[in-house]
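Because the structure is a prediction, the values reported are computed rather than measured.
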Amino acid sequence: MANRWEMAMSGTLTVAAIVIAASIGYRTLAPSRTAGSTTSGAMDSVQDWRDGLRSGIRDGPATAPVTIMELADLECPACLAFQPTVNRIRKQYPNQVAVVWVNFPLPYHRFAMGAARAAECAAALGSFGLWRDAVFEQQDSLGLKSWGTFAVAAGIADTGTIAQCARDPAPVAAIQAGRDFGTNIGLTGTPTVIINGWRFRSTPNPAELKAAVDAELHHRRPPGAVAAGN
């Protein structure tokens, strides 16, 4: 009888340990995206969304009929995971889609602000995309490698300027404006993706982003978009 009880307890403890381990693993590996609803594909409208463009870094023609705004953090794993999706769209629609990156370094990411500062300086040198890609490719080395090393990996010759920008504690107007915009629209996580004023409530997958782009190009409301008050 005692042996059966001990075996039952042992089995229960084993199951509990597996559940706890799975829970910890999920919290560790799941993307850090928390903004808005978890309903895939759902979108809502953002008033005055163009205010965010003023502080953003543009990739694509100013005349593009579709603008994808990405409020993002260079230390954010979910932003890293989303980047191939937005890169694919830019390549697929080179003249019809522009992407505007808005630096929104999260306060609990230790190196996000330095990376954002350096990103603004890289943009001034015409090398933002190179910097973003270099940081994303070595995101797990933030804090372990010098900022100058990241600049070398990005192919930016003026490594001293990039390193100085990353370390400079002075406020950066564009970063503050981006954070203010994100706060005003209720952003609580990154990446937050807005396409022509329609905000995805969760990070879009490739099919959802493409469907939204195609809808905008054909002057239709994107799938899942709900206007304010509806």
Side-chain angles (χ1 to χ4, degrees), residues 29-106 112 116 119 123 128-133 135-137 139 178 181-182 185-228 230:
L29 298 175
S32 58
R33 180 70 171 88
T34 57
S37 166
T38 57
T39 303
S40 180
M43 305 176 76
D44 58 16
S45 61
V46 176
Q47 293 185 349
D48 301 323
W49 67 278
R50 289 183 178 81
D51 291 348
L53 302 179
R54 302 190 188 112
S55 59
I57 302 168
R58 176 178 288 270
D59 175 24
T63 56
V66 176
T67 299
I68 299 172
M69 186 191 309
E70 179 185 1
L71 288 91
D73 172 322
L74 284 165
E75 197 177 344
C76 159
C79 298
L80 168 61
F82 176 66
Q83 196 59 44
T85 296
V86 74
N87 287 347
R88 192 177 301 119
I89 284 291
R90 269 288 294 132
K91 289 179 181 178
Q92 189 171 357
Y93 302 91
N95 300 314
Q96 298 166 299
V97 172
V99 177
V100 176
W101 172 285
V102 178
N103 274 310
F104 194 91
L106 298 168
F128 166 73
L130 296 173
W131 175 257
R132 177 202 60 215
D133 292 347
V135 173
F136 274 159
E137 286 171 7
Q139 192 183 67
F181 172 74
I185 66 172
L187 181 151
T188 57
T190 55
T192 288
V193 182
I194 302 171
I195 176 169
N196 282 9
W198 294 104
R199 170 176 49 189
F200 287 93
R201 295 177 185 168
S202 60
T203 307
N205 62 39
E208 290 167 346
L209 188 60
K210 185 179 185 304
V213 168
D214 288 340
E216 286 294 325
L217 289 174
H218 290 89
H219 307 290
R220 299 195 303 264
R221 181 178 291 187
V226 178
N230 288 0

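Put simply, SG on C79 and CZ on R132 are 11.5 Å apart, with the number rounded to the nearest 0.5 Å. Here T192 contributes atom OG1 and E70 contributes atom CD; the two are 9.5 Å apart, rounded to the nearest 0.5 Å. Residue R199 holds its CZ atom at 11.0 Å from CE of M69, rounded to the nearest 0.5 Å. Taking CZ of F128 as the reference point, atom CG of N103 lies at 6.0 Å (rounded to 0.5 Å).
The closest donor-acceptor contact from the side chain of R58 to the backbone of P61 lies under 3.5 Å. Checked by atom type and distance alone, the side chain of N196 pairs as donor or acceptor with a backbone atom of P65 at under 3.5 Å. Although no hydrogens or angles enter the test, the distance criterion places no donor-acceptor pair under 3.5 Å between the side chain of R88 and the main chain of Q92. At least one donor-acceptor pair closer than 3.5 Å links the side chain of Q139 to the backbone N or O of L74. Side-chain atoms of R90 come within 3.5 Å of backbone atoms of V97 as a donor-acceptor pair (strictly under, hydrogens ignored).
Counting heavy atoms from C-beta outward, F104 and D73 have side chains that stay 4.5 Å or more apart. The side-chain heavy atoms of F82 and N205, taken from C-beta on, include no pair separated by under 4.5 Å. Considering only heavy atoms from C-beta on, D59 stays 4.5 Å or farther from W101 through its side chain. The shortest distance between side-chain heavy atoms of P105 and E75 does not fall below 4.5 Å. Contact of the V226 side chain with the M43 side chain is not registered, since no non-hydrogen atoms from C-beta on lie closer than 4.5 Å. A heavy-atom distance below 4.5 Å is found between the side chains of K210 and I89. For the pair Q96 and V66, the minimum side-chain heavy-atom distance is 4.5 Å or more. Side-chain contact between W198 and E216 is present, with heavy atoms from C-beta onward closer than 4.5 Å.
Counting all heavy atoms, side chain and backbone alike, P84 lies closest to L80 at CD-O, 3.4 Å. When all heavy atoms of V102 and G178 are compared, the pair lying nearest together is CG1-CA, 3.6 Å. For the pair V193 and P204, the tightest heavy-atom approach, listed with the atom from each and the gap, is CG2-CD, 3.9 Å. The nearest pair of heavy atoms linking A98 to A64 is N-CB, 3.7 Å. Between D48 and F181, the shortest heavy-atom distance links the atoms O-CE1, 3.8 Å.
Tested against I194, the residues L71, V100, D44 include a single side chain to side chain contact (heavy atoms under 4.5 Å, CB included) partner, L71.
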task = Please lay out, stage by stage, how Y93 and D214 fare under the test side-chain contact (heavy atoms from CB on, under 4.5 Å).
result = CA-CA 10 Å; Y93 302 91; D214 288 340; 2.5 Å; yes
